[in-house]
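First comes the structure, then the notes that go with it.
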Amino acid sequence: MQADKRARFDNYVVGSANRLAVAAAHAVADAPGAVYNPLFIYSSSGLGKTHLTHAIANQATSRHPDMSIEYVPLEDFVEQLHAAIATGEMDRFKQRYGRVDVLLIDDLQFLTGRRETQSELLRLLNSLQGGKRQIVMTSDRPPTEIADVDERLIQKLSGGLIVDIGPPDYETRVAILRAKCDEKGVSFEPGVIEELARVEFSNVRELQGALNRLAAAQVVDGTLTPSQVAGLVGAPAPAPAGSPSAAKQDEFFSFLTDMASAVAAQIEPWKVRVGEAVAFWNGEGFRTGPLERLMLEKNPPANWEALVRGFAQAVEQLRELEQQVCTVDPGLGGTEMFRDPERLSEAAAFVERALAGAVPPAGPQAAFARRAFEESPSNQMAVRAADAVIAEPGHRYNPLFLAGPSGVGKTHLLNAIGNELARGGGANFRVACVGAQLFIDELIAALQDGTIDRFRARYRAADALLIDDVQFVGGKERTQDELFHVFNHFHSAGKQLVFVSDVPPKQIEGLEERLRSRFEGGLVAELSAPDRTLREKLFGRFLADARVPTTPELLAYLAERSATSVRELIGTVHRICAAADSAGAPLTLPIARQTLEPASATATTPPTSVRQAADSFFLDDEKIVWEWPDASGRLVEELR
């Protein structure tokens, strides 16, 4: 099961109740199998443990694209296990999970009473841990409180790191509410969000539900005031001091205080302070190398407090620098440089260059490799031209214009060219690879901010410029004017230009003749819908990537089916793999045929003897019934 791409660390609000869990999750996502294995996260329902699990999967995927990462709720795991037992496919079931690099299992509390599942899970955990592969599990209670579970499995679950997520405090509730308001595009009068955050909900889902009620009420009744919040969400009156509910409110903080006291009794106080700083800044997503090295000291340095404060100041400077660079290009923010205080001087120099227009737009996407782009007669000319450009950038086919319908691989080939140019040009060779819409948006922003000179300098700073979906510049006079000057700069300097469009230059509506002639002055290479040869190659690659065994007959059958795009082929692979998984059987030609060809509604052809007997009866001259279009026609026939 795929992780929810919307669940990420950057949209997970961190507070005192979940900071340790988030820090541990970050560490696991960055280095799967190296720390906290297994990681066990537990909390009451609705406090974000599933979100955190998906965030681990998404970040681990982005950091380690070659790893096999599997997220599965326990109920789905149980169903798959039962299906494998029923169909005699246990070996395949074990092979499937045995090759996973990161396994994330949700809702482990449902293990209660399922002895067979517990045995198989214990075997699987032993296998994964033996191979240094990561395991992450969640539950609504700690392992020791899951009833009727094998003691060996309890020990295994408890052998890594167990962290809990508590109810969010007031500040965290405010942060969550503000983030949700930004996400939904909802705004309230000052004080409304803060008043809602004062209500102590048992989980984040209830908090979001209350926010939805306020948003709906505001649509119906108009602007809300803080005094209306309690009545709309049904908030109870504040509990008096000393009451049981007031005592319960402080229970979590008392627990933290007790824990801190216990730790302080065993560890030197200065190391406790530094450790808290490490946990906090890790939870915020920053590298903490200087603080971690500080904790290795046997004796406290005389200036250890100044070092901790200096680290915090460096983080604030990084945040300010990131905000500045995002005014140039939001894509320049969010990099590792702005998450490591030891790279502060590097980040400052980078931002200075960006503000001066010396940092070109973002480069190509690394996931699109040239070796992964299959060649066939349907795209051969474009591929050969791309290889020529990679071999001699700026000399042959400048510009190279790739045209073809959606989904035939133009964007893949464009980014593959960019990656090869960057690799072949060395560390100082800068490739800008952007979409035409981004070019247009940046131009508009530069015109509004009065930074058009910086805009021009940014694009001219690149050594190669690749623009996707260039058909979108049609009809936009100012954009075409800027693109015309950028084109002339690159071409006269011998820098490579590559453009991609869904139609050839002659068919781009609203394109000025001066740009059209320049686009056609290099080479226009078209890509068409995948032919049979390409379909067979791609089906073989996609199924191999999914680790699904194939046969020549299966590939031949799939390749015979016409398709208008590569995306259609990917969809076909997903369909047949899903059908095989639901059947609990390997993918075979009959399963693929049954999935892709709807069952025929025609009846079975009767034997020849039956047809002959039927013909002799129904074709008797006295028994033929003619169907006339109207009553008058039938009357004429009767009167003859």
Side-chain angles (χ1 to χ4, degrees), residues 1 3-4 6-7 9 12-26 28-29 36-57 70-81 102-118 120-122 124-125 134-169 172-173 176 200-210 245 248-249 251-256 259 283:
M1 182 175 177
D4 187 347
R6 297 169 298 178
F9 283 116
Y12 190 89
V13 179
V14 182
S16 60
N18 60 17
R19 182 166 288 118
L20 181 58
V22 173
H26 263 293
V28 164
Y36 310 142
N37 195 18
L39 173 62
F40 192 102
I41 304 172
Y42 72 93
S43 74
S44 299
S45 178
L47 292 179
K49 57 183 181 294
T50 299
H51 183 135
L52 199 55
T53 306
H54 287 288
I56 293 172
E70 183 88 20
Y71 165 84
V72 58
L74 185 72
E75 290 289 343
D76 289 358
F77 183 89
V78 172
E79 290 180 7
Q80 294 170 16
L81 175 61
V102 181
L103 176 62
L104 306 103
I105 304 180
D106 207 359
D107 293 325
L108 211 68
Q109 68 271 11
F110 296 129
L111 273 177
T112 298
R114 290 171 162 164
R115 289 291 175 177
E116 190 170 25
T117 302
Q118 293 174 28
E120 182 57 30
L121 185 59
L122 179 61
L124 177 59
L125 297 186
Q134 182 66 51
I135 305 154
V136 179
M137 291 163 286
T138 70
S139 173
D140 64 1
R141 67 203 73 174
T144 54
E145 293 181 15
I146 302 176
D148 193 17
V149 174
D150 191 316
E151 184 62 30
R152 295 173 301 166
L153 184 55
I154 294 294
Q155 293 175 359
K156 179 66 66 174
L157 300 180
S158 304
L161 175 66
I162 301 175
V163 291
D164 73 322
I165 301 175
D169 55 22
T172 307
R173 293 197 293 270
I176 291 172
E200 292 185 10
F201 295 95
S202 61
N203 60 60
V204 178
R205 292 195 187 103
E206 291 181 3
L207 184 65
Q208 293 177 8
S245 58
K248 185 176 181 180
Q249 175 182 358
E251 182 179 347
F252 180 68
F253 296 100
S254 299
F255 166 73
L256 289 181
M259 177 179 283

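- Here CG of Leu39 is found 5.5 Å from CD1 of Ile56. Values are rounded to the nearest 0.5 Å.
- Under the 4.0 Å criterion applied to side-chain N and carboxylate O atoms, Lys49 and Asp106 are not assigned as salt-bridge partners.
- Atom CD1 of Ile135 is separated from atom CG of Leu104 by 10.0 Å, given to the nearest 0.5 angstrom.
- Using a cut-off of 4.0 Å between Lys/Arg side-chain N and Asp/Glu carboxylate O, Arg114 and Glu120 are scored as not salt-bridged.
- Listed by chain and residue number, nothing satisfies the ring pair (Phe, Tyr, Trp, His ring centres under 6.0 Å) test with Tyr42 (two or more places apart in sequence, or in another chain).
- The two residues Met137 and Leu125 come nearest to each other via the heavy atoms SD-CD1, 4.4 Å.
- Atom CG of residue Leu52 and atom NE2 of residue His26 lie 8.5 Å apart, to the nearest 0.5 angstrom.
- Arg141 is linked by a salt bridge (charged side-chain N to carboxylate O under 4.0 Å, His left out) to nothing, counting only residues two or more places apart in sequence or in another chain.
- Put simply, the side chain of Tyr12 reaches to within 4.5 Å of the side chain of Asn18, judged on heavy atoms.
- Side-chain atoms of Ile146 and Ser139, non-hydrogen and from C-beta on, do get closer than 4.5 Å to each other.
- Once rounded to the nearest 0.5 Å, the distance linking CG of Leu124 with OG1 of Thr117 reads 12.0 Å.
- Residue Ile162 holds its CD1 atom at 11.5 Å from CD1 of Ile41, rounded to the nearest 0.5 Å.
- Taken from CZ in Phe77 to CG in Leu103, the straight-line distance is 7.5 Å, to the nearest 0.5 Å.
- Proximity of Val28 to Val136: side-chain heavy atoms (C-beta onward) are separated by under 4.5 Å at one or more points.
- Remark: Glu145 pairs with no residue by the salt bridge (charged side-chain N to carboxylate O under 4.0 Å, His left out) rule, at least two apart or across chains.
- Minimum heavy-atom separation, Ala7 to His54: CB-CB, 3.5 Å.
- Between Phe40 and Leu108, the closest side-chain pair of non-hydrogen atoms falls below 4.5 Å.
- When every heavy atom of Ala21 is checked against every heavy atom of Ile165, the shortest pair comes out as CB-CG1, 3.8 Å.
- Judged by distance alone, the side chain of Gln118 and the main-chain N or O of Leu111 form a donor-acceptor pair under 3.5 Å.
- Looking at every heavy atom in both residues, Asp148 comes nearest to Arg115 through OD1-NH2, 2.7 Å.
- Side-chain contact between Thr138 and Ile105: absent, with no pair of heavy atoms (C-beta onward) separated by less than 4.5 Å.
- The two residues Ala24 and Leu161 have their closest heavy-atom pair at CB-CD2, 3.6 Å.
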